[in-house]
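Proteins get letters first, then strands, A, B, ... in listed order; numbering begins at 1 in each. A quick note: this is a predicted structure, and the numbers were derived from the prediction, not measured.
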Amino acid sequence: MRWSQLFIPTLRENPAEAEVASHQLLLRAGYIRQLSAGLYNYLFLAQRSLNKIQKIIREEMDGIGGQELFLPALNPAEIWQESGRWTGMGANMFRLKDRNGHDLCLGMTHEEVMTSVARGEVRSYRQLPQIWYQIQTKFRDEPRPKSGLLRVRQFIMKDSYSFDIDAAGLDAAYDKHYEAYCRIFKRCGLEFAAVEADSGAMGGSQSSEFMVRTDAGEDFIVHCPSTGYAANLEKAVSQPQPPAVPDPEGDLTPEEFHTPGFKTIDEVSAFTKLPQTSQIKSLVMAADGQPVMALLRGDHQLSETKFSAAIGGPKELRPATPDEMRGWLGADAGSLGPIGVKMRVIADAALEGRRNMICGANKDDYHLKNVTPGKDFKATYADIRQVVAGDTDVITGAPIDVYKAVEIGHIFKLGYKYSKAMGLSVLNAEGEEVTVIMGSYGIGVERILCAAVELYHDKDGIVMPASIAPFDVVITPVNIADAAQKEAAQALYEEAKKAGLDAVLDDREERAGVKFKDAELVGIPWRITVGKKLAEGKVEVSERKGKKSQDALLSEAIALVKAGI
RNA sequence: CGGGGCGUGGCUCAGCCUGGUAGAGCGCCUGGUUCGGGACCAGGAGGCCGGAGGUUCGAAUCCUCUCGCCCCGACCA
């Protein structure tokens, strides 16, 4: 292709609205343009990259026996009602009505549709196992789209679903996906980590997320370099640091004291001259409208995910409102505590065995000291605490890290959630009806592109991995008006195409600097510059990564690039 | 949904406080000179200042409402 004919609208300056590197660079390099919040036009370059990513995905999915389908993005409400997710998905699902007033939605994922396909057709264990996948547009009415392509309202997802007769079959399908995903991300040139994850609203037992480390990400990963333990913060476990000062000895009796205006843990800590680790933080939550108290050590944060699991996974979980707190406990947040309360109390495991601590008195501007969990109040202990940097590995005690990451893939063992709810069963060899066990496996296609840009860029632009770059090589005649250069460049371009390279000829009537800058911004992995050394029969071959270049004979240039890719 | 910010040629922004009828740089078009790292000269096109209402002799500028976008938080298969 000839650059002069292409639509590659590069910008010299960063658009004002872009914050993260991938957003800025994809805009500047002319890959994408925004249509609206969370909606992007994928221009020529983005489309080429996304096509390459999808090609890799298809090859690997086909490689594990996946069969590609294509299901409607527009779904009837009925199947979502059957699975219970019509209400479960809440406001995150785009909903609409057709002309007859029937409820429809735009699919966020396709468990329901896939299950409905299977239940109509799959009758016998002999037809299992199956792995079906599609590459489809998904819709989510995000409360806050952000960070360019990282969090959007419409995006491309490869989603696959496995159907098996038993748990061993599911395990095998899950493992196949795990390995295929590793190959996909590796082929896309990404450095990534597979981590233990919470299965959240998807339901199911086991799940792994594939994460790329970047500050632009929204997830936090807990990682122990010495043991290899890696998990999403929602799910991660660790050993907390010990309390900053030891608890007072003895079976002391709780004693009220006045704390005028001291509400936060920090304020009470400063007032009592006892560290945060000596305080009990009492949080009141409403679980399906019922009050539940969560207790944590003063310096710890509640993990809502763990807490939700600890109380049996309520449909709705939220912090209590100030009015609710006052009604239930007779005091405002800042003076609450577990003594004498009538609600369920879940205490974090880090409080077990502690004694003579400080907590709120359920009376405004009063706290209690000498409060001992177990003795002065009853609570169920559970791990409801969010891991923080500085904690240590639960088994070895080795230090752990917490870092930000973006999720590019997620695999789940769904179990029977959808097949049971929607009646997907087959006859086994004994002629008995058994419910099919399912898995579900997603990849965010654009997120691979974003992650690559986040990971690989420099001051001049994108350093796109060759496997997903829109072009392999750009042939750049320094001066297109020079007939010899023009001719040589044209010949090189033809040769590159014959050699199977995705080549573009930069035949624009621009100065060399402009063409170099654009090629670097866009992130084309290789450039062959046809310039003054042409007189000696030479051209310059340069690699975007590391900015290395060398002179090569005209006849050798293409082979050199080919070898590099 | 709470908090903050911003909407002025294609892009980045100035002008607004202190009303007087719109500017710069880049980009774009034409011609010329240049030609290995975002050239230079000359000429030119392009904006009813997000929208509506109001105040005023007069509104980009002041007031009210509204829409959109971005950021922080909440939320997030």
Side-chain angles (χ1 to χ4, degrees), chain A residues 9-20 23-24 27-28 30 33-39 80 83 85 88-93 105-112 138-148 150-153 155 157 159 161 197-204 207 209 217-220 232-234 304-305 316-319 321 406-407 409-412 414 417-418 440-444 447 459-461 476-482 485-486 506 508-521 527-534 539-540 542 547 549 551:
Chain A
T10 57
L11 300 170
R12 195 181 292 219
E13 287 172 285
N14 270 327
E17 72 268 16
E19 196 93 345
V20 303
H23 190 197
Q24 293 179 340
L27 281 168
R28 268 192 66 199
R33 286 294 183 266
Q34 182 172 32
L35 177 62
S36 177
L39 298 174
W80 289 80
S83 71
R85 292 207 295 182
M89 283 298 188
N92 257 13
M93 188 152 73
C105 65
L106 296 175
M108 311 172 69
T109 169
H110 278 75
E111 280 76 13
E112 282 80 0
K138 308 289 183 186
F139 299 86
R140 281 193 213 169
D141 194 356
E142 287 287 346
R144 182 151 93 86
K146 58 179 283 202
S147 306
L150 278 176
R151 167 93 80 120
V152 289
R153 295 195 288 177
F155 57 97
M157 181 195 257
D159 49 322
Y161 304 85
D198 181 67
S199 31
M202 296 294 291
S207 95
E209 282 171 331
E218 303 182 284
D219 284 286
F220 288 88
N232 193 302
L233 182 67
E234 290 179 337
E304 285 203 22
T305 308
E316 186 214 30
L317 180 68
R318 58 171 173 81
T321 64
V406 60
E407 178 187 348
H410 199 160
I411 59 178
F412 299 87
L414 291 176
K417 175 170 171 164
Y418 299 91
S440 131
Y441 317 86
I443 290 179
R447 280 191 173 180
K459 64 173 175 49
D460 295 312
T476 308
V478 167
N479 184 357
I480 196 72
D482 178 316
Q485 284 185 22
K486 185 176 177 182
D506 195 347
R508 292 178 296 168
E509 288 178 32
E510 290 284 356
R511 295 166 65 87
V514 172
K515 299 199 244 193
F516 295 161
K517 290 284 184 197
D518 272 347
E520 283 157 16
L521 179 58
R527 187 182 80 217
I528 300 176
T529 311
V530 181
K532 34 181 188 235
K533 293 199 191 91
L534 185 64
V539 292
E540 184 184 71
S542 34
K547 291 275 181 66
S549 50
D551 290 341

Distances for protein N or O near nucleotides 41-43 of chain B N or O, under 3.5 Å:
none

Could you pull out the protein-nucleic contacts involving nucleotides 28-31 of chain B (nitrogen or oxygen on both sides, under 3.5 Å)?
none

Provide a list of protein-nucleic acid N or O atom pairs under 3.5 angstrom, restricted to nucleotides 22-26 of chain B.
unit_1: B:G25; atom_1: N2; unit_2: A:Glu13; atom_2: OE1; d: 3.4

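Taking only distance into account, the side chain of A:Arg144 never meets the base of B:C71 through a donor-acceptor pair shorter than 3.5 Å. One can find a donor-acceptor pair under 3.5 Å joining the base of B:G38 and the side-chain atoms of A:Asp518.
Remark: the separation of the P atoms in B:G25 and B:C40 is 12 Å, to the nearest Å. Rounded to the nearest Å, the gap between the C1' atom of B:C71 and that of B:G15 is 25 Å.
Ranking B:C72, B:C70, B:A39 by closeness to the A:Ala37 side chain, first place goes to B:C70.
Nucleic acid contact for A:Ser542: none, since no nucleic acid atom lies under 4.0 Å from a heavy atom of the residue.
Shortest non-hydrogen contact noted between A:Val152 and A:Glu142 is O-CG, 3.4 Å.
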A:Asp141 vs A:Arg153, test: side-chain contact (heavy atoms from CB on, under 4.5 Å). Steps then yes/no.
CA-CA 6 Å; A:Asp141 194 356; A:Arg153 295 195 288 177; 4.2 Å; yes
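Here the CD-CG distance, from A:Glu509 to A:Asn479, works out to 9.0 Å after rounding to the nearest 0.5 Å.
For the OP1/OP2 pair of B:G38 and a distance below 4.0 Å, the side-chain nitrogens and oxygens of A:Arg511 include no atom meeting the criterion.
No hydrogens or angles considered: a donor-acceptor pair under 3.5 Å links the side chains of A:His110 and A:Lys138.
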